[in-house]
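What follows is one structure encoded as structure tokens, with my remarks underneath.
So that the names make sense, note that chain A is the first sequence line, chain B the second, and so on, each numbered from 1.
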Amino acid sequence: MAKICVLRMEGTNCEWETFLAFKRLKGDAEFVHIKQILKESEEERFLEDYACVIIPGGFSSGDYVRAGAIFASRLSKLKKEIIEFIEEDKLLGGICNGFQVLVELGVLPGIGEALSEEKKAVLTVNDSNLFECRPTLLRHVNGGKCIFTRRYTKDKIVIFPSAHAEGKLVFGGEDTLEKMIENDQIVFRYTDSKGDYAGYPWNPNGSTYNIAGICNERGNVFGLMPHPERVFYSYTHPDWTRNSMGVYGDGMPLFKSILDYIDG
Amino acid sequence: MEVEIKIKLKEGISDPEGKNTKKALRLLGFEDVLDVHTLKTFRIKLDDSDEGDSVEEAKEMCKKLLANPVIHDYEIKVKK
Amino acid sequence: MEVEIKIKLKEGISDPEGKNTKKALRLLGFEDVLDVHTLKTFRIKLDDSDEGDSVEEAKEMCKKLLANPVIHDYEIKVKK
Amino acid sequence: MNTLHLVSEVDLIGSDDDYLRRISEDMGLGLSVGELKIIEDYFKKRGRNPTDIELQSLAQAWSEHCCYKSSKTLLKRYILIDVPQNILMGEDAGILEFNDEYAYAVAFESHNHPSNIEPYGGAATGIGGIVRDVVCMGATPVALIDPLFFDPLKGIKSKFLLNGVVSGISDYGNRIGVPTISGMVYFDEDYVSNCLVNVGCVGIVKKSEIIRSRAKEGDLFILVGGRTGRDGIHGVTFASAELSEKSEEDRGAVQLGDPITKEPLIHACLEANERGLLDGMKDLGGGGLSCVIGEMALAGGCGAEIELENVPLKEEGLKPWEILVSESQERMMLSVDPKNLKEVLGIFEGWDLLATVIGKATKGRSLNIRYGKEKIYEIDLNFLVDGVRYNRIYEIKNKEEKIERFNEPRNYEEIFSSILSSPNIASKESIIRRYDHEVGGRTVLKPLQGEIGFSSHGDASVIKPLEDSYKGLAITSDINPSFMKINPYKGSLSAVDEVCRNLVSVGSLPHSLADCLNFGNPEKPLVMGYFHESVRALGEIARELGLPYSSGNVSFYNETPEGSIPPTPVILGVGIIEDIRRSITSDIKGRNPIYLIGETREELGGSEYLKIIGVSGVVPDVNIKVLKRSIEAILKEMARGNIASCHDISEGGIAVCLAEMCMGGNIGANIDLSLMGEMIANRRFANLKISDFQMRSDIKLFSESNTRWIVEVNKKREEEFVEDLKDQGLGCTYLGKAGGDGIRISDKKKGLINIPLDKIRDIWGKGLEKFLR
Ligand SMILES: Nc1ncnc2c1ncn2[C@@H]1O[C@H](COP(=O)(O)OP(=O)(O)O)[C@@H](O)[C@H]1O
Ligand SMILES: [Mg+2]
């Protein structure tokens, strides 16, 4: 079975529920500390041994300097390996803080090259200037490029809770957004309860084009601000006591999609 | 030796902290406040090396970590 | 007119942000980094008033909102 | 090495009272002359004077904060008796049975003094400390609770405090990845310059992995986590005195906390414990190294030796006594058998954390400290740890609770609106959302419940702590300081009643309590009188309900020259729910009948209503037997699937309770109060006559009588529900039906309130806004 790496460092704090999401689906996940893949530790690990690397949520290095920046700068020592990993069409995903790391690392938006030296986007401070924890409604707008969300039909609306202070996606370059739309790289967008694109608080951070999640041009690098791992089962949905649903919550298919792909 | 690196938001990039601070100051009665911008400064003590180097080094720090060019400009000053 | 207010942690108050940034810089290979301190700057545009007043006003802002005298020192500069 | 200049002898023996007083002041000891005399006596017998480091360490160990010298006697008499068997252990945190294999841990403390000086750092390090208390039992923290008390924010200072405290909790709690799921925010003038920040933490631990705070002879003491600095010096002595102007200079007592050292520290400590490498673990909180090592050695029946020079420092030039009493954050002490040393150090290295051997557990019963080659400290552990105890004088003065007469309001909607927008009632969403209440993926019921985009206050939050079990923990915290101000005895009963109400509302059986007792200066007999009445009530009701106090904390000296806080014994409650998939939320689910459970009396003393109109009344009482029966009856109805939603009635009475239920469901209600007052079940099913009763509509609507709930009953189960409650002899009154898009309330044809939900949400939602930022 293909191996999954849940990558963490000090301050990563959603690794347990992310790990469990894979375990519950019989995925072969393990925790790896950044020191291990940077060969700063005796128990070394190698990127190439994994079919999927997930960077979970949290506050890596306290989000000091900028959310995800320190984690990304440390990972950038492995640029070559990361580019290879992406070009071999393996999966690299980031949730919340992980998304911030992938953007700071230059693998998202990921247009034209697997990893760009210059950063092309940023997840910056929410318009409210506050950390906010609130349920968000997302429309799956991807036409099929994103490998991580293949189990969601197009236009399906899901509930994933958000909890972040820096989630406002801003692109550098005039035409980045257009290209992303053209390339089918937009994956999730915030909506209101009627399914319309609305302002705050439905879009909790002021993100460009109401974007909550994107993938790279190849569809194998994916970042998302809200937390699918927190709604793996229905009973952690924010409204499960009033809108009855089955055993699984809206987040489960995301992890299932990953396993579909890596386990063939 | 010390380098001081100022990281500030580019023209046109919204500054929620500045905006909120402005609102709070005005509510507190500072009604002549027209605008507030925030910036972050890193004061970095370096082991003795010459000036030329340390500016270059500070630039590298910005590129690799301290700034994101999509939204940030930076200024570097060296103090002995 | 603009006042620039710098807020920094007092000597002896530990600065987790500085500490973590230092660690990150050193791991990135900037091994000559001995110490990092962070400070926050507010650039505040004021409606025209005279200099004397605006320093006082800035002090008031620090006291009421921007700083906590228990842990922070501040510097005020006025630019025309 | 010459340490002579680093440690000095203090000339206690034979000194007069004045000199002793001066020593205490100059050295910042906070010891009384009487206490110094006991110390003098101890050293006289040993034929020498104490060193400064010995004296500093005794001062710390004997502070109110560390040894409960003013409260121990009363706590023992009322609260800590008849400990039921479900308490497995009580140390830094209480440990209680969860299921066959697991236990849960509860710790609850105040962090008031530091938070008043530096709200951001004070509140953050409060969270840091309480988490350490849970971790040092070997438990994984799964929930944080933060009851907060402020003055009503008229001044700039109080806004500064509120924003600082909330930011501190948010930044620290979110970063260490423990969800803040429950709490309260209360406003009262008497908290001016004395805000209260109480913090609780609940953890989960395999019974076989519970670890004690003790060392066995031969063990090494390993200090792990952060470095030691000048920060936090005299924190506990500072917390054991009144705040004054001068307090702002006590900067040493203030710290910011470093969550990013703490987060991996939690993992590393738990990992070392899980692998069975530790003999003991204790956190370094209030009271530095000497307290911790002293207590660990004493508990293990051995002595200890410390090499102070080995302690890793933040800065150079710390004196030995400063190293010893420093309260620098993010540190833990492990006692480890030498054979496990290498493996333990390896774990901490893997997490990039410091771990240093600083001493060992020895034969004998004393604590010895060396700095370099010099011996600078030797004290018997019993003398150090046992401290002193006082039977403080108390005076019980019951205020007369008189009922003032006042006219029925002409405009109910106006009164209702002012209650809804008063800061104690208004939505706490703007604060709650700044805390991550879902990290860990275990939060089944959140603090805000209902339809997305419309959610409203719930009663308790529910956590599912284990992957393989549907068993859950419900958590809430309560106190009504307005009741306490009038009658500390009834106020304390009410707090426990409310805790139980909240736990039952979500479908859980109350299982344990914890108390954080915040009071003024215990040297004042009246304050001690409040304390006495409060713990007496807390003990009585808990005993009758069969609930243990698993842990607690006493915070005295919450006073400034401006006055004292209201007596504020905050109660944290934990309930057990067998299957979290059956938990119940407060939001209205459909067009169902709505019932009131419990008896409404004319008990408006301390109510939000009377506060607004400015008259006095009688504080609600508790009938513990009825409470017990109600708990059983409601849980039974829930188990039968008869109840669709449930909310307890507290501040603001029935009116506010209904409003919150309707807002959460985004469904209105049509209510008629005319059946209220009848003790027996609703006449629709019981065929009773409506006896005329006198109660006025405003009393029905706004009374805050205890032991009451509003429930939405599943339409099809209405008859069964009413029969059941009648069988139990419990008051149950039909109020009306959910439906529509507004709240309409009438009493015998007289219309009282008719307001659209959107408007109610707007009034309630914006109540706090003006106080934030
Ligand atoms: N400071 C806080 N932190 C976290 N949750 C809070 C806080 N204040 C209030 N809450 C939550 O908001 C809800 C409503 O609070 P409150 O009105 O005090 O409830 P109750 O009166 O039922 O005890 C509860 O779920 C409570 O836990
Ligand atoms: Mg309640």
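For C:K59, the NZ atom counts as loosely surrounded, since its 6.0 Å shell holds 12 or fewer non-hydrogen atoms of other residues, nucleotides or ligands. Other residues, nucleotides and ligands place more than 12 heavy atoms under 6.0 Å from the NZ atom of A:K23.
Annotation for C:L28 and A:R74: closest pair CD2-N, 4.3 Å, computed over non-hydrogen atoms. Considering all non-hydrogen atoms of both residues, C:L27 and A:K77 come closest at O-NZ, 2.8 Å. Counting all heavy atoms, side chain and backbone alike, C:E17 lies closest to A:V65 at OE2-N, 3.2 Å.
Note that OG of A:S73 and CG of C:L25 are 8.0 Å apart. Values are rounded to the nearest 0.5 Å. The CD1 atom of A:I70 sits 5.0 Å away from the OG1 atom of C:T21 when rounded to the nearest 0.5 Å.
C:K23 places no side-chain N or O within 3.5 Å of a backbone atom of A:S61 that could act as its donor or acceptor partner.
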